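Here the structure is a predicted model, which is why all the values come from computation and not from measurement.
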Amino acid sequence: MKDKVKKFRKKPVIVEAYKTNEELMIQTLEGNMKASPGDWIITGVHGEKYPCKPDIFEKTYELVED
């Protein structure tokens with residue numbers, strides 16, 4: 001028996017991020033990942049780092065004003 005599919009919204013979590021202008025190898029919880037120039041490097045809620053492509057970043061995150 002298949003469960004009914006439900007929709008979920010990602011909880012609002014504030015993260016720190018910066019855009020890289022060089023190729024980097026980022027050590028993530030899932031292993032090493034390559035970041036390309038223009039990718040965002042995100043620091044997660046537990047201090048973990050991971051790269052994110054610009055188009056995905058723009059769809060997922062918005063700037064928090066101080």
K.L.:
For Q27, is the CD atom crowded, meaning more than 12 foreign heavy atoms sit under 6.0 Å from it?
P.N.:
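Open.
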K.L.:
Just how far is it from atom CD of E62 to atom CZ of F57, taken to the nearest 0.5 Å?
P.N.:
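Atom-to-atom, E62:CD and F57:CZ are 10.5 Å apart.
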K.L.:
Would you compute the distance between atom CE of M33 and atom CG of L24 and round it to the nearest 0.5 angstrom?
P.N.:
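Those atoms lie 12.5 Å apart.
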K.L.:
Is the shortest side-chain heavy-atom distance between D39 and C52 below 4.5 Å?
P.N.:
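No, side chains not in contact.
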K.L.:
Hey, does V15 have a side-chain heavy atom less than 4.5 Å from the side chain of T43?
P.N.:
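No - every pair of side-chain heavy atoms lies 4.5 Å or more apart.
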K.L.:
Is there a donor-acceptor pair closer than 3.5 Å between any side-chain N or O of E58 and the backbone N or O of I56?
P.N.:
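Side chain of E58 to backbone of I56: no pair is present.
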K.L.:
To check you understand the geometry: which heavy-atom pair defines the closest contact between K49 and I41, and what is its length?
P.N.:
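Of all heavy-atom pairs spanning K49 and I41, the closest is CD-CG2, 4.4 Å.
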K.L.:
About how many Å separate OG1 of T60 and NZ of K53, when rounded to the nearest 0.5 Å?
P.N.:
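Reported value, rounded in 0.5 Å steps: 14.0 Å.
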K.L.:
Taking C-beta and beyond as the side chain, do N21 and P37 meet within less than 4.5 Å on heavy atoms?
P.N.:
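No, too far: nothing below the 4.5 Å cut-off.
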K.L.:
Considering non-hydrogen atoms only, spot the tightest contact between P54 and W40 and give its length.
P.N.:
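Nearest pair, atom of P54 first, then W40: CA-CD1, 4.1 Å.
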K.L.:
Once you round to the nearest 0.5 Å, how far does OH of Y50 lie from CD1 of I42?
P.N.:
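Going from OH on Y50 over to CD1 on I42, the span is 4.5 Å.
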